[in-house]
Amino acid sequence: MTTPRHFTGDTLVIATHNPGKVREIADLLRPYAKSFKSNIELGLPEPEETGLTFVANAELKALAAAKAGHIALADDSGLVVPALGGDPGIYSARWAGPTKDFRIAMQKVEDGLAGKADRSAYFVCALSLAWPDGHMETVEGRCYGTLVWPPRGEKGFGYDPMFVPDGHDLTFGEMDPAKKHEMSHRADAFRQLVERCFR
Ligand code: IMP
C-alpha cells in the first residue's frame, strides 16, 4: 500500500452547497485547517452525481472542486438495504422525491420489505479528499443496524426514525444526537480520514 498523502494546506474547501454540511464538517476538522471555504463562496457549481457508488460520487465532487485550485473534501452518503438489492443506496435522497419528504422514502423501503425476513441495513458515508493535481484519498464509513416499523423519533433526519443501530434499542431518530454522532457512518468515515490525512 502506498503512503497516504497528508493535508498540508491552510484552506480546506468543503465541496457542497449545503450550509449545514459545511458547518458540521468544519466543526469536525477545525483543528486541522486554518480556514474553510465552500462551493458557495467559491462560486463553484455542484457537479451532477453520475457515479454508481458512494465512493465514485464523493470522488467526482471532490475532484471537481479541487480542479479550481484548492484541496477539497466531498462526501456522499445513504442507506443500503441488502434485501432491496442495495436500494435506496446512492439514490437515498432521491427516494424522498421533489418535496424531500422522507415519510415517502421510508414507506417505499417498508413496502419493499413486505414479506421479507431480512430487515438488516447499513448507512454508508464516503469521504474523498482531492488535490488540484488529481490525487485523491478516499475512505468509506459504515454503521450497521436493523429497520423497524413504524418509524420512531423526531431527533434525526432522513431514514433515522426507522434505523436501530446494532447493540441498541432506540432508533437514530429517538437517540440523543451526540450519541448518534459517536457511532454513525459519518463518525466512522471521519475517524478514518483524520487518521489517514490529518494527523
Ligand atoms: P447526500 O447528501 O447526497 O449524501 O444524501 C444523503 C441522503 O442519505 C440523505 O438525504 C438521507 O436521506 C440519507 N442519509 C445519509 N446519512 C443519513 C443519516 O445519518 N441518517 C438518515 N439518513 C441519512
Side-chain angles (χ1 to χ4, degrees), residues 14-28 38-40 45-65 72-81 84 86-110 112 119-129 138-166 168 170-191 193:
I14 302 167
T16 178
H17 278 214
N18 178 338
K21 221 175 238 188
V22 174
R23 225 173 303 121
E24 191 182 310
I25 294 178
D27 280 348
L28 286 163
S38 76
N39 279 11
I40 307 171
E46 285 215 75
E48 224 190 306
E49 297 187 17
T50 52
L52 295 178
T53 62
F54 294 107
V55 163
N57 280 330
E59 288 188 337
L60 73 84
K61 287 186 271 187
L63 203 53
L73 176 69
D75 77 335
D76 198 46
S77 61
L79 179 74
V80 175
V81 184
L84 302 184
D87 277 342
I90 57 167
Y91 307 105
S92 292
R94 282 166 262 186
W95 273 35
T99 58
K100 301 190 176 164
D101 185 345
F102 280 92
R103 284 169 305 184
I104 296 172
M106 289 190 285
Q107 186 69 58
K108 245 173 116 172
V109 170
E110 184 58 22
R119 298 188 60 92
S120 69
Y122 55 93
F123 280 117
V124 175
C125 173
L127 286 176
S128 181
L129 189 63
T138 306
V139 297
E140 190 185 271
R142 290 187 180 193
C143 178
Y144 290 88
T146 303
L147 298 175
V148 295
W149 199 258
R152 306 191 319 243
E154 308 285 324
K155 291 184 181 149
F157 70 99
Y159 299 87
D160 280 346
M162 70 181 303
F163 184 85
V164 177
D166 284 350
H168 295 265
L170 297 181
T171 67
F172 267 172
E174 295 171 307
M175 200 177 273
D176 176 31
K179 195 154 183 207
K180 174 192 167 185
H181 293 147
E182 281 168 20
M183 70 180 82
S184 75
H185 45 311
R186 216 160 278 110
D188 182 27
F190 273 95
R191 266 192 293 269
L193 190 75

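Both ligands and their constituent atoms are indexed starting at 1 by order of listing.
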Closest non-hydrogen protein atom to [atom], residue and atom name please, with distance?
| atom | answer |
| --- | --- |
| atom 16 (N) of ligand 1 | R186 NH2, 2.8 Å |
| atom 18 (C) of ligand 1 | F157 CZ, 3.3 Å |
| atom 6 (C) of ligand 1 | S77 O, 3.1 Å |
| atom 22 (N) of ligand 1 | Y159 N, 3.2 Å |

- What part of W95, side chain from CB on, backbone N/CA/C/O, both or neither, has a heavy atom under 4.0 Å from ligand 1?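 Near ligand 1, W95 shows nothing, with every heavy atom at 4.0 Å or more.
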
- For ligand 1, indicate whether the residue F172 contacts it via side chain, backbone, both or neither (heavy-atom separation under 4.0 Å).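 The answer is neither; F172 stays 4.0 Å or more away.
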
- Item | Any N or O of K61 closer than 3.5 Å to N or O of ligand 1 |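 No, K61 has no N/O under 3.5 Å of an N/O on ligand 1.
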
- So is D75 polar-close to ligand 1, meaning N/O to N/O under 3.5 Å?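 No; the residue has no nitrogen or oxygen that sits under 3.5 Å from a nitrogen or oxygen of the ligand.
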
Answer yes or no: is there a donor N or O on one side and an acceptor on the other, between the side chain of [X] and the main chain of [Y], under 3.5 Å?
| X | Y | result |
| --- | --- | --- |
| D76 | A126 | no |
| N39 | H17 | no |
| E174 | T171 | yes |

For ligand 1, which atoms have a heavy atom of [X] less than 4.0 angstrom away?
| X | value |
| --- | --- |
| K21 | 1 (P), 2 (O), 4 (O) |
| F102 | 10 (O), 12 (O) |
| D76 | 3 (O), 4 (O) |
| D160 | 18 (C), 19 (O), 20 (N), 21 (C) |
| G78 | 8 (O), 15 (C) |
| K180 | 18 (C), 19 (O), 20 (N) |

- Item | Inter- and intrachain pairs under ring pair (Phe, Tyr, Trp, His ring centres under 6.0 Å), touching residues 143-166, at least two apart |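 Those involving residues 143-166 are F102-Y159, Y122-Y144, F123-F163, F163-F172.
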
Let me have the donor-acceptor pairs involving side chains of residues 86-93, under 3.5 Å, with sequence neighbours excluded, atom names and distances please.
from	atom 1	to	atom 2	distance (Å)
S92	OG	L79	N	2.9
S92	OG	G89	O	2.6

- Item | Charged N-O contact under 4.0 Å between R119 and E110 |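 Salt bridge present between R119 and E110.
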
- Query: Are the charged groups of K61 and E46 less than 4.0 angstrom apart, N to O?
  - Reply: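 Result for this pair is no, no salt bridge flagged.
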
- Query: Should the heavy atoms of other residues, nucleotides or ligands under 6.0 Å from CZ of R23 be counted, would the total exceed 12?
  - Reply: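 No, not enclosed.
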
- Item | Closest heavy-atom pair and its distance - V81, S120 |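 The pair with the smallest heavy-atom distance is CG1-O, 3.9 Å.
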
